[in-house]
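To keep things clear, I will list the structure first and then write my remarks on it.
So that the names make sense, note that chain A is the first sequence line, chain B the second, and so on, each numbered from 1. None of these values were measured; they are calculated from a predicted model.
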Amino acid sequence: MNIQTSVQKAIETLYGQQVNAAQVQLQKTKKEFKGHLTLVTFPLLKISKKNPEQTAQEIGEYLAINEPAIAEFNVIKGFLNLTIAPVYWVGMLNEINADKNSGLTAQTEDSQLVMIEYSSPNTNKPLHLGHIRNNLLGYSLAEIMKANGYKVVKTNIVNDRGIHICKSMLAWQKWGNGVTPESTGKKGDHLIGDFYVLFDKEYKKELGELHDKGLSKEEAEAQSSLMAEAREMLRKWEAGDMETVALWEKMNSWVYAGFDETYKRLGVDFDKIYYESETYLTGKEQVLEGLSKGIFYKQEDGSVWADLTTDGLDNKLLLRADGTSVYMTQDIGTAKLRFKDYPINKMVYVVGNEQNYHFQVLSLLLDKLGFEFGKGLTHFSYGMVELPEGKMKSREGTVVDADDLIEEMISTAKETSKELGKLDGYSEEEANKVSEIVGLGALKYFILKVDPRKNMVFNPKESIDFNGNTGPFIQYTYARIQSVLRKAAEQGISLPESLDTTLILNEKEEDLILNLNQFKEVVKEAADSYSPALIANYVYDLVKEYNQFYHDYSILREENEALKKFRLVLSLNIGKVIRTTFSLLGIDVPDRM
RNA sequence: GCCCUUGUAGUUCAAUGGAUAGAACGACGGUUUCCUAAACCGUAAAUUUGGGUUCGAUUCCCAGCGAGGGUACCA
């Protein structure tokens, strides 16, 4: 049964005109009014040529007579409140219950292929809170696209080359005394990060000394021997110097081992990883080809540029005077390789909004170079994670480290669970498992419930709540539903495939079914608008309402057997939606907590 | 300078142009012989300012103020 369609048909019949779905604004009726669904008639006045009240009255009368699903209606101002007939409710639930795909769309042979790039770390420092947002959004988006029938390739472009990694390498060579992750017991990415910081410290010191000798900032930077050494190292690397490349490989391998651990902990993964060291040369070729075709131009110093002024943008550097490549060059090369590797229909880049301009330019450049997909690429641009005092700054040591944060969330979850006595009778292993699910659930939900486009604030001191609109609140509800279902099974209650439709439900039950019924639509909208937050907020509303229902009415102690079974099936399906939505968010749910 | 994003209770977040702007945390008060109290109920508390479009604006447009980001050899 689709009320939307029948209302649309009613309007077309009444006024003899086609109307589109957007004009038929059906929304949930507000609590203070009688009814389930409300039609806003204002957009229809042009068609009806009557005032709002008359229009609402006419449509209401028509529906009451011709649409059996509509039991009654009332009109308040321009709003037509429709009440759905009692016999339709259980039928709706039966339909939902029978859906083997949980409301999701399966992939087919001719599904579109979407490639989603996310994470994209530099190899000179460990992941931080900003990366966590990126990873969670990227992974969740991939799951959401899959749930809408797309084929998805999750990809990661690792920025493994460049001056930044040379800085770490140089610092390690100079002051590292040959330490390794094994010898220090440190994760590889953290170890390398430490050397990056060390380089920066020593470089600052050198600049300070030069400054004291009376040099200006620019002169000092130009004369810095440390920076010169780092540049020399990069040059050697690009020239393929054996020793440099070997060191680079060794240090990067430490970093990857560290990243892998963090990714695993976060529960994110990739189908294909690209390395900039393998794509930048292709980028260079593309740029040089563009140059020969006259798409780009060369300056006197030998640097290569794109003139984008006719597109309303500036000139953009593509190759430095010394012939080395920049970020943009690499992205062009990576794009080329990807489309060679996969028949991609849609390319999505999950990258922070600080790079909006970069992707605007990339899109134009790819288009100019003749890549069909240039114009169609999507930059899924998300906001920064800020601290109460502002942006995270590595120099000021205010960066929230990903590994630390994850560890802290899990241990806090464990403490809280213990205090509440939730872990009584659990083995150490089980307790750890639940703590991990809950701790990570709190972290992930906290980040994903926010509109991705917006900057968000994270307060490390207050940490993350476990009550209210949080992951654990929803996980708790899920666990309680499982408990009720277990108890029902113990009592030997079997749940029917299809429920008796003559049951009369209460208001809360009807509302819950209405909410469940929206699930498919929400999943679709989440994909269309690239917003995991939509799903998170939807499931929170559902859970909040279920908790109220759970509090007001009993399930297992209900004496009417048919009603008891209905409530069990209702709970079962709410549990299913929680599990499904959470899996789209990359969050686990526990059977007990 | 120019360009982009953004501004909602004390705080963190909601609200396809629709009815009296929803939640949560925090504050204050209440609920447990009953299926998991990480729950439920109640009270106080908000749209940055000024115009405009509209039957109707937190939402769209213009201007001001505040915040963040980008802006040719960092990624």
Side-chain angles (χ1 to χ4, degrees), chain A residues 22 25 27 29-30 32-33 38 40-43 45 51-52 76-79 81 120 122 124 159 161-164 276 299 301 303-306 308 312-322 324-328 330-331 352-358 360-361 381 383-384 386 388 390-391 413 416-417 419-422 438 442 446 449-451 453-459 462 464-470 472-477 479-488 491 525 529 533-534 536-537 540-541 544 547-548 550-558 567-568 571 592-593:
Chain A
Q25 293 184 24
Q27 47 201 240
T29 303
K30 297 228 168 195
E32 52 271 41
F33 303 105
T38 297
V40 182
T41 59
F42 294 103
L45 301 185
N51 71 33
I76 297 169
K77 291 195 251 175
F79 300 92
N81 299 322
S120 313
N122 288 352
N124 64 326
N159 181 22
R161 61 164 291 280
I163 192 77
H164 52 87
E276 284 190 352
Q299 270 192 358
D301 65 2
S303 55
V304 178
W305 298 75
L308 301 173
L313 303 175
D314 292 326
N315 288 292
K316 184 75 190 170
L317 176 80
L318 298 176
L319 286 177
R320 295 193 187 95
D322 62 7
T324 55
S325 63
V326 293
Y327 181 35
M328 188 60 75
Q330 292 157 185
D331 259 352
N353 63 14
E354 58 198 350
Q355 291 184 31
N356 286 352
Y357 184 74
H358 173 82
Q360 216 180 327
V361 173
S381 162
M384 303 286 99
E386 291 170 359
K391 216 187 164 188
T416 311
S417 303
E419 275 169 31
L420 291 168
K422 301 278 182 188
V438 174
F446 176 83
K449 77 171 177 184
V450 180
D451 182 341
R453 288 177 296 265
K454 290 188 176 172
N455 286 2
M456 62 180 292
V457 177
F458 172 77
N459 188 337
E462 291 176 9
I464 294 171
D465 274 319
F466 289 71
N467 301 315
N469 186 359
T470 65
F473 169 80
I474 296 165
Q475 288 171 323
Y476 164 72
T477 305
R480 209 177 45 197
I481 288 173
Q482 301 318 304
S483 168
V484 170
L485 293 174
R486 275 194 301 271
K487 291 221 158 80
Q491 292 174 19
E525 263 184 53
S529 59
L534 223 55
N537 286 308
Y540 172 69
D541 281 346
K544 175 115 179 103
N547 273 327
Q548 291 165 357
Y550 183 88
H551 187 265
D552 291 348
Y553 303 93
S554 45
I555 299 171
L556 291 173
R557 279 174 287 114
E558 172 57 49
R567 287 182 179 168
L568 284 166
S571 299
R592 311 160 196 265
M593 70 179 267

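Here A:Y476 does not lie in a stacked arrangement on the base of B:rA39, lacking the combination of planes under 30° and ring centres under 5.5 Å apart. Taking the 5.5 Å centre cut-off and the 30° plane limit, the aromatic side chain of A:F33 is classed as stacked on B:rA19. The aromatic ring of A:F42 stacks onto the base of B:rC55, its centre lying under 5.5 Å from the centre of the six-membered base ring with the two planes under 30° apart. Stacking of A:W305 onto the six-membered ring of B:rA72 is not present when judged by under 5.5 angstrom between centres and under 30° between planes.
When the P atom of B:rG68 is taken as reference, atom CE of A:M456 falls 18 Å away, rounded to whole Å. One interatomic measurement links the two molecules: CD of A:Q360 to P of B:rC4, which rounds to 9 Å at whole-angstrom precision. Atom pair A:L317:CG and B:rA72:P shows a separation of 10 Å (rounding to whole Å applied).
When heavy atoms are screened at a 4.0 angstrom cut-off, A:M593 is found touching base atoms of the nucleic acid. No contact: A:R453 has no heavy atom under 4.0 Å from any strand. Using a 4.0 Å heavy-atom distance criterion, A:N159 is classed as a sugar-phosphate-only contact. Among the heavy atoms of the strands lying under 4.0 Å from A:Y540 are primed sugar atoms or P, OP1, OP2 only; no base atom is included. Backbone-only engagement by A:Y357 is indicated by non-hydrogen atom pairs under 4.0 Å involving sugar-phosphate atoms exclusively. Across all strands shown, A:V40 has heavy atoms under 4.0 Å from base atoms, whether or not it also approaches the sugar-phosphate. Using a 4.0 Å heavy-atom criterion, one finds that A:F473 contacts the sugar-phosphate atoms exclusively. As judged by a 4.0 angstrom heavy-atom cut-off over every strand, A:A479 is placed among the base-contacting residues. A:E276 comes within contact range of the sugar-phosphate backbone alone, with a heavy-atom separation under 4.0 Å but no base atom that close.
Between A:L319 and A:S325 the shortest side-chain heavy-atom distance falls below 4.5 Å. Within the 4.5 Å cutoff, the side chain of A:N537 has heavy atoms near those of the A:N469 side chain.
Taking only distance into account, the side chain of A:T38 meets the base of B:rA19 through a donor-acceptor pair shorter than 3.5 Å. Remark: the A:S417 side chain and the B:rA38 base include a donor-acceptor N/O pair separated by less than 3.5 Å. The base of B:rC73 is paired with the side chain of A:D301 by a donor and an acceptor separated by under 3.5 Å. A donor N or O paired with an acceptor N or O is found under 3.5 Å between the base of B:rA19 and the side-chain atoms of A:N81. One cannot find a donor-acceptor pair under 3.5 Å joining the base of B:rU5 and the side-chain atoms of A:K454.
Nucleotides B:rA57 and B:rA19 have their P atoms positioned 11 Å apart, rounded to a whole Å. The C1' atoms of B:rA46 and B:rU58 are separated by 11 Å, rounded to the nearest whole Å. B:rA63 and B:rG1 have their P atoms separated by 15 Å, given to the nearest Å. Spacing between B:rC40 and B:rA21 at atom P, rounded to whole Å, works out to 24 Å. Distance noted for atom P between B:rC13 and B:rU8: 10 Å (whole Å). For the C1' atoms, the distance linking B:rU20 with B:rC35 amounts to 37 Å, nearest Å. Going from the P atom of B:rC55 to that of B:rU48 covers 25 Å, rounded to whole Å. Using P as the reference atom, B:rG51 and B:rU47 are 16 Å apart when rounded to the nearest Å.
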- Mind running ring pair (Phe, Tyr, Trp, His ring centres under 6.0 Å) on A:F466 and A:Y476 for me, showing each step along the way? CA-CA 10 Å; A:F466 289 71; A:Y476 164 72; over 10 Å; no
- Task: Verify side chain to side chain contact (heavy atoms under 4.5 Å, CB included) between A:I76 and A:F33, making sure each step is shown before the conclusion.
- Result: CA-CA 9 Å; A:I76 297 169; A:F33 303 105; 3.3 Å; yes
- Task: Go through A:F458 and A:V450 one step at a time and tell me if the side chain to side chain contact (heavy atoms under 4.5 Å, CB included) criterion holds.
- Result: CA-CA 11 Å; A:F458 172 77; A:V450 180; over 6 Å; no
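Picking from B:rC73, B:rA19, B:rC35 the nucleotide with the shortest atom distance to the side chain of A:V484 gives B:rC35. Out of B:rU36, B:rC25, B:rG68, the shortest distance to the side chain of A:N455 is found at B:rG68. For A:E386, the listed nucleotide lying nearest its side chain is B:rG68; candidates were B:rG70, B:rU36, B:rG68. Here the nucleotide nearest the side chain of A:N467, chosen from B:rA24, B:rA38, B:rC73, is B:rA38. When each of B:rG68, B:rC13, B:rA19 is scored by its nearest atom to the side-chain atoms of A:Q27, the top-ranked nucleotide is B:rA19. Closest to the A:K391 side chain, of the nucleotides B:rU36, B:rG69, B:rA24, is B:rG69. Considering only the side chain of A:E354, B:rG70 comes nearest among B:rG70, B:rU36, B:rC13. For A:D451, whose side chain is taken as the heavy atoms from C-beta onward, the closest listed nucleotide among B:rC35, B:rC40, B:rA14 is B:rA14. The A:Q330 side chain lies nearest to B:rA75 when the options are B:rU36, B:rU16, B:rA75. Of the candidate nucleotides B:rU20, B:rA14, B:rA75, B:rU20 has the atom nearest to the side chain of A:E32.
For B:rA75, one of the phosphate oxygens OP1 or OP2 lies less than 4.0 angstrom from a side-chain nitrogen or oxygen of A:R320. Remark: A:S483 is in phosphate contact with B:rU36, judged by side-chain N or O atoms under 4.0 Å from OP1 or OP2. Under 4.0 angstrom from either OP1 or OP2 of B:rA38 there lies at least one side-chain N or O belonging to A:K422. One finds no side-chain N or O of A:K449 lying less than 4.0 angstrom from the OP1 or OP2 phosphate oxygen of B:rA14.
The number of heavy-atom neighbours closer than 6.0 Å to CD of A:Q299, taken from other residues, nucleotides and ligands shown, is above 12.
In this structure, A:L308 CG and A:D314 CG are separated by 8.0 Å, a value rounded to the nearest 0.5 Å. Taking CZ of A:R592 as the reference point, atom OG of A:S483 lies at 8.0 Å (rounded to 0.5 Å). To the nearest 0.5 angstrom, A:M593 atom CE is 8.5 Å from A:T477 atom OG1.
In this structure, the side-chain contact (heavy atoms from CB on, under 4.5 Å) partners of A:A536, at least two apart in sequence or on a different chain, are A:Y445, A:K449, A:L585.
When each of A:F446 and A:A321 is assigned the nucleotide of RNA chain B with its nearest heavy atom, A:F446 is the one assigned upstream, toward the 5' end. The residue among A:K487 and A:N122 whose nearest nucleotide of RNA chain B is located toward the 5' end is A:K487.
For A:N122 (side chain) and A:N124 (main-chain N/O), no donor-acceptor pair under 3.5 Å exists by modelled atom type.
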- Pairing string, 5' to 3', for RNA chain B - Watson-Crick or wobble contacts under 3.5 Å, brackets [ ] where pairs cross, | to another strand: (((((((..((((....[...)))).(((((.......)))))....(((((..]....))))))))))))....
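A donor-acceptor pair shorter than 3.5 Å cannot be found between the side chains of A:T470 and A:D465.
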